[in-house]
Amino acid sequence: MPEGPSIVILKELLQPFKGKKILSVEGNAKIDLDKLQGLKVVDVKSWGKHLLICFNGSYIRIHLLMFGTYRINEEKEGVLPRLAFTFKNGTVNFYTCSVKYLEEEVDTAYDWDADIMSESWDALKAEKKIKSLKTEKVCDLLLDQEIFSGVGNIIKNEVLFRTQIHPESLANKLPSKKLKELIKETRNYSFDFYHWKKTFELKKHWLIYNKKICPKCKQAVKKEHLGKGKRLTCFCENCQKLYE
DNA sequence: TCCAATGTTTCGCC
DNA sequence: GGGCGAAACATTGG
């Protein structure tokens, strides 16, 4: 469920609750629910994979991790919500997610320029961050939430195929032009992901992720667990160039 | 039935 | 202390 574009969609679905007061809170989240009672939602934002329900001077941070789900104006059967809100105009339920309540201003808490889906996304800043890094493989680079906040494993695989870069290429060995292309395509694909997710045709557009045959050269797709997190990486050895 | 998967944090060990 | 690996959390589909 949860890469950056999916969280943007969730944020949009929650906009009707902006300006509304929390009438009641429930859930098994390990936070002080009493503190939330009666608070007015002043905004609902997202930063990468974080959903941020904002109040005056504090906010709730929800991360759906791998299996998190939600329901709006309905509930899942036989499962207790981690966090559930009742508003005058509806209900919101979150399941199997990480919940934190932070008593600080949300605007100063995040580097908004790093959010791949944000209108304040700053490609040049990302490039500078990358150039300040030591040797790093591009498969790790793309999953770095400080640089590409919101990028997940699917986006990683698809972007590397689109740009024809081998996942084990070293980031600092990419020619400058290629690096710029990678950064640009990461944002582009994230927006494609967003649109396809909305129309339920995301899988249909996968070129390399979960595929058996390279759509370009018809060679078998290689699948390996690469990088620091040993995440599943699908790539074409023939089409994706290794920079080292 | 078992395993792996769109993720992150924490703990233990060397 | 850094780096690495494993565990923890937990759901769903192949």
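All values below were derived from every heavy atom in this structure, side-chain atoms included, with hydrogens, water molecules and symmetry-related copies excluded. Lettering of chains follows the sequences in order, A, B, ..., and the numbering in each one begins at 1.
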If you look at every strand shown and take non-hydrogen atoms under 4.0 Å, does [X] touch a base, only sugar-phosphate, or nothing?
X	answer
A:Lys76	sugar-phosphate
A:Leu143	nothing
A:Lys228	nothing
A:His225	sugar-phosphate

Rounded distance (Å) that lies between atom [atom2] of [N] and atom [atom1] of [X]:
X	N	atom1	atom2	result
A:Asn210	C:dG13	CG	P	15 Å
A:Asp144	B:dT8	CG	P	11 Å
A:His63	C:dA8	NE2	P	21 Å
A:Tyr70	C:dT11	OH	C1'	16 Å
A:Lys223	B:dC3	NZ	C1'	15 Å
A:Leu64	B:dT6	CG	C1'	11 Å
A:Glu3	B:dT6	CD	P	8 Å
A:Met66	B:dA4	CE	P	12 Å

- Message: Check whether A:Glu26 reaches the backbone of A:Pro81 with its side chain - one donor and one acceptor, N or O, closer than 3.5 Å.
- Response: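 No, because the side chain of A:Glu26 does not come within donor-acceptor range (under 3.5 Å) of the backbone of A:Pro81.
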
- Query: Which residue lies toward the 5' end of DNA chain C, A:Val79 or A:Lys230, if each is placed at its nearest nucleotide?
  - Reply: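 With A:Val79 and A:Lys230 compared, the 5'-side residue is A:Lys230.
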
- Item | Nearest-nucleotide comparison on DNA chain C, the residue closer to the 5′ end among A:Lys203 and A:Thr96 |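 Closest to the 5' end, via its nearest nucleotide, is A:Thr96.
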
- Item | Watson-Crick/G-U partner (both atom distances under 3.5 Å) of B:dG12 |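 Matched B:dG12 with C:dC4 under the 3.5 Å cut-off.
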
If only side-chain N and O atoms of [X] are considered, is one of them under 4.0 Å from the OP1 or OP2 phosphate oxygen of [N]?
X	N	answer
A:Tyr95	C:dT11	no
A:Lys49	B:dT6	no
A:Arg82	C:dC9	no
A:Lys134	C:dG2	no

Candidate nucleotides [options], ranked by approach to the side chain of [X] - the nearest:
X	options	answer
A:Leu65	C:dG5, B:dG7, B:dA5	B:dG7
A:Gln145	C:dA10, B:dT8, B:dG7	B:dT8
A:Pro2	C:dA10, B:dG7, B:dA5	B:dG7

- Heavy-atom side-chain proximity of A:Lys137 to A:Leu226 below 4.5 angstrom: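 Not touching, per the 4.5 Å side-chain cut-off.
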
- Query: How about A:Ile22 and A:Gln37: do any of their side-chain heavy atoms sit closer than 4.5 Å?
  - Reply: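 No; the side chains remain at least 4.5 Å from each other.
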
- With A:Thr233 as reference, evaluate A:Lys222, A:His225, A:Lys156, A:Lys223 under the side chain to side chain donor-acceptor pair (under 3.5 Å) test and give the passing residue.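 The side chain to side chain donor-acceptor pair (under 3.5 Å) with A:Thr233 is passed solely by A:Lys156 among A:Lys222, A:His225, A:Lys156, A:Lys223.
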
- Linking I/L/V/M/F/W/Y whenever their side-chain heavy atoms sit closer than 4.5 Å, directly or via other members, would A:Phe193 and A:Phe191 fall into one cluster?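 Linked, A:Phe193 and A:Phe191 end up in one cluster.
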
- Query: Is the shortest distance from a Lys or Arg side-chain nitrogen in A:Lys129 or A:Asp113 to a carboxylate oxygen in the other one below 4.0 Å?
  - Reply: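 Answer for the salt bridge query: no.
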
- Message: Taking the nucleotide of DNA chain B with the nearest heavy atom to each, does A:Asn157 or A:Arg61 sit closer to the 5' end?
- Response: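 The answer here is A:Asn157.
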
- If the C1' atom of C:dC4 is compared with that of B:dT6, how far apart are they to the nearest Å?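 Going atom to atom, C1' in each nucleotide, I get 24 Å.
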
- Sticking with atom P, work out how far B:dT1 lies from C:dC9, rounded to a whole angstrom.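 Approximately 23 Å lies between the P atom of B:dT1 and that of C:dC9.
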
